[in-house]
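Accompanying notes for the structure given below.
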Amino acid sequence: MMNASTGRSPGGSGRVRAASAALCLFAGALTATAAGASPAAALTPPVSITADDLTTWQTNGIVWSMAAADGVVYAGGTFSTVRPPDAPAGTSEEPAVNFAAFDAATGAPTGCDLSFTLSSGTATVRALALSPDGGTLYAGGQFGAVNGIGVSNIAAVDTATCTVRQSFKIAVSATVRALDVTADTVYLGGDFTSVGGQTRNHFAAVSTGAALLPWTADADEVARAVQVTPDGEHVALGGDFFTVNGTTSHALAVVDATTGALTKSYPGFIPNTSTVQDLTSDATGLYTANEGTGGGVFDGRIAIDLDDYQQRWRDTCLGATQAVLVHSGVLYSGSHAHDCASMGGFPDQPRRHLLAQSVDDPALLPWFPDTNDGIGEPVGPRVMAQTDKGGRHYLWVGGEFTTVNSAGQQGLTRFADGPDTGTPWVPNVSLTTLTPGQIDVNWQTSFDTDDGELTYRIYKDGASTPVHTTTGYSVFWDRPQLKWTDTDVAAGETHSYRITASDGTNTSAKSPAQSATVASSTQAYPARVLSDGASLYWRYDEGTSTFAADSTGGLNSGFLRNGPAYRQTPAAIAGASTAIGFDGSSEYAYSNKLHTQPTRFSVETWIRTTTTRGGKIIGFGNLTMQNSTKYDKQVYMANNGRLVFGVYSGGYRTVTTTGAYNDGEWHHVVATQGTGGMALYVDGQLRASNFLYTGNENYPGYWRVGGDNLSGWPNRPTSNFFGGQIDETAVYPTALSGSQVSAHYALRTSE
């Protein structure tokens, strides 16, 4: 959940250690760079687990814990019934009191029925772990009986008979939230301060015969995760604590597996506002799931090398990570991630609840099934587990969600390594004819939930055989523009094009046919824009596309948000062109690419409006899917129709026209900043300037057209969004001269 004042995630208060298991899977990578990361293009294996959820029985409450082996998945939590996959809540339910077991391959109950209860209060199963031989399932939580047999917050179950092992009984004074098991030892963590009548603060170890062991790793706050290292020599601890055995070590520590003596402490390693919710490991690494509350939190994941217990990498996504699972080089996680921009991922998109990363690099891999937040705190996914059956790998996810991939599904879901049934999105296509004797076919790359590299086939004039085939990489927040130039055309001819996207198994429908007529001469206005060095140039000649094609070589397309009006005429300049219309309340466009601070720049566009509510015409902001929290390098209209050009440089620095331009006519607007200061031109003439201000605010951002935040700026209009038509938007990495600006304006009628 985003905190509006801090831009940070407040996380959730009820944290839980999500039991983890291994998943045999390979994954591809994203063209992004994260903190301590290399470009993900170097990570090439394909995703083998699909993002297509399989039919799975559901619970009527939260699944907090899971364990899996030999084709069986055990789920514990706070629920009372299970029901078939498509059954609405409250229908076709069968009793399942805080526990159920499922066939990994079918998603149906196995018939292992155990009831975890408490004489007063709410019983819950917060941790499950299997013995190495799979013969015993250990359960922890808050409960006093299993199938009527008295226990005290921990129990052992014979998996062959699905019966409680009555020989395993030991009193634990409060909730058990974490378990891990070796051949002879059960390690537990939680809220308790005594085990077997002896003091044990939040962590303890008992033998598989239920005898309290001398192992001592006392913590001052709640424990949420325990993980035995692969060599069996150490135990990693996670939770809310600030000390272990009296030594400062916040949220994470490594201790000796025999004595509990501190091996590695982590003072200041994780912010005091954050905790460790889950731990898992592979042969070389330990991996953490972190959650924070308030400002300055750390909500992401950390990879730690086992040879020296030093950090390998950490990501900086916000969003309360609850569960991690690792195997074969891929780390899977459950969270409500909503901001991964600082590590090269999605900036401020809606929450994503399931993510995958390489254990060697935090760049997000192209695997994006999703849940909602669901009920309870809420977060969404809380736990992951994996097992194989019938030659297939199954990844199970539990939590408090009520939808999976936008369809109703509560508490549990599962995925497998095939079949892949998800089809990529249909490409968005735009044609341009700026150069005589050719047609440029531009398209916005598609999105597939479990494939980053897609194959595109272009079909010309209704033919069944493609005229061009190419590949491109994309993820949901980064769908770069691609272009192919058809030179097998002649002046005056009209041709149509359609494009498909394929993940190798599934192919999208063909895009709607787009037609263009081959130009016989150069169009003077766009030719001058390009020759003067535009680095972004949107002409808005698309039909029903959701992107504005960039006519420069930079392929920096614009995402069009909330359905602006296409093909508005007459356009700003002569020739075969159209404009785009924005409604003044929610519609805008933003650049696909994130830009570093432009120290010198020009922005150029045409506007036509009669608004009396003003609004931002073009600007530079740090966010894309919501109003920016940093914003300057902008041109906006005041309520009275005057134009304002502003940058932030130690304060709000603006220049304003004396005339109004909301008269319903097309006007050419250019704002520049360079060594000569700020200048604002309208209709080819300098209308306002200030030579003193040569700097602007330093932050990475996106060019936005049609609307963004204006809070705090002088002469702030009623609306952040511009109501009217916009055409021929260009951005330059230099400050255009007055003669260049006037030359552009003069070409408006020269086509």
Side-chain angles (χ1 to χ4, degrees), residues 15-27 29 34-37 40 43 49 65-67 127 129 178-180 187 189 223-231 234-239 249-255 263-264 266 269-270 274-292 298-317 319-335 337 340 343 345 353-365 367 381-386 395 397:
R15 305 177 180 101
V16 57
R17 190 258 186 199
S20 45
L23 175 62
C24 183
L25 142 71
F26 299 92
L43 307 173
I49 294 293
S65 55
M66 288 197 294
L179 291 169
D180 203 5
Y187 296 93
R224 301 191 183 277
V226 292
Q227 179 69 39
V228 181
T229 58
D231 62 8
H234 298 96
V235 180
L237 313 176
S249 189
H250 174 54
L252 180 67
V254 180
V255 300
T263 299
K264 173 66 177 177
Y266 292 91
F269 183 67
I270 294 171
S274 298
T275 64
V276 169
Q277 299 292 85
D278 191 20
L279 293 166
T280 192
S281 65
D282 61 8
T284 65
L286 175 71
Y287 308 91
T288 74
N290 303 272
E291 175 186 325
F298 174 63
D299 271 350
R301 293 152 287 277
I302 303 173
I304 295 171
D305 289 324
L306 287 178
D307 56 357
D308 59 4
Y309 294 109
Q310 298 297 319
Q311 177 177 297
R312 180 186 303 167
W313 56 256
R314 73 170 64 196
D315 73 34
T316 50
C317 293
T321 306
Q322 303 296 305
V324 284
L325 182 151
V326 65
H327 191 73
S328 295
V330 177
L331 180 69
Y332 296 88
S333 60
S335 66
C340 295
M343 54 167 283
H353 297 83
L354 296 170
L355 300 176
Q357 298 161 290
S358 166
V359 296
D360 296 319
D361 190 313
L364 299 178
L365 307 180
W367 186 74
R382 292 283 185 175
V383 61
M384 293 178 165
Q386 186 273 330
L395 168 63
V397 179

Inset, instruction - Write down the atom of Leu355, the atom of Ala337, and the distance for their closest heavy-atom approach. - result: CD1-CB, 3.8 Å
Legend entry - Beyond-backbone contact of Pro381 with Leu354, side-chain heavy atoms, under 4.5 angstrom: yes
Legend entry - Closest non-hydrogen atom pair between Ile270 and Ala251, with its separation: CD1-CB, 4.0 Å
Legend entry - Heavy-atom side-chain contact between Leu279 and Leu252 under 4.5 Å: yes
Inset, instruction - Could you pull out the closest heavy-atom pair between Pro230 and Ala283, with the gap in Å? - result: CG-CA, 4.3 Å
Legend entry - Contact summary for Ile304 and Tyr266, nearest pair of heavy atoms: CG2-OH, 4.0 Å
Legend entry - Any donor-acceptor pair under 3.5 Å from Glu291 side chain to Ala289 backbone: no
Legend entry - Set of residues satisfying ring pair (Phe, Tyr, Trp, His ring centres under 6.0 Å) with respect to Tyr187, sequence neighbours excluded: Trp215
Inset, instruction - Say whether, by atom type as modelled, one donor and one acceptor occur between the side chain of Arg301 and the main chain of Pro362 under 3.5 angstrom. - result: no
Legend entry - Contact summary for Ala356 and Trp367, nearest pair of heavy atoms: CB-CE3, 3.9 Å
Inset, instruction - For the residue pair Val226 and Leu237, establish whether any side-chain heavy-atom pair is separated by less than 4.5 Å. - result: yes
Legend entry - Any donor-acceptor N/O pair, Thr321 side chain to Asp299 backbone, under 3.5 Å: yes
Inset, instruction - State, to 0.1 Å, how close Val276 and Asn290 come at their nearest heavy-atom pair, and which atoms those are. - result: CG2-OD1, 3.4 Å
Inset, instruction - Could you tell me which residues satisfy side chain to side chain contact (heavy atoms under 4.5 Å, CB included) with Asp307, sequence neighbours excluded, listed by chain and number? - result: Asp305
Inset, instruction - Please confirm whether the backbone N or O of Thr229 pairs with a side-chain atom of Ser281, one donor and one acceptor, at under 3.5 Å? - result: no
Legend entry - Pair Arg314-Met343, side chain to side chain contact (heavy atoms under 4.5 Å, CB included): steps then yes or no: CA-CA 9 Å; Arg314 73 170 64 196; Met343 54 167 283; over 6 Å; no
Inset, instruction - Taking the side chain as every heavy atom from C-beta outward, state whether Leu325 and Leu395 have any pair of such atoms under 4.5 Å apart. - result: yes
Legend entry - Minimum side-chain heavy-atom gap His353-Val397 below 4.5 Å: no
Inset, instruction - Taking the side chain as every heavy atom from C-beta outward, state whether Phe269 and Gln311 have any atom pair closer than 4.5 Å. - result: yes
Inset, instruction - Determine yes or no for a side-chain-to-main-chain donor-acceptor pair under 3.5 angstrom, with Ser333 supplying the side chain and Val324 the backbone. - result: no
Legend entry - Close side-chain approach of Leu331 to Val326, heavy-atom, < 4.5 Å: yes
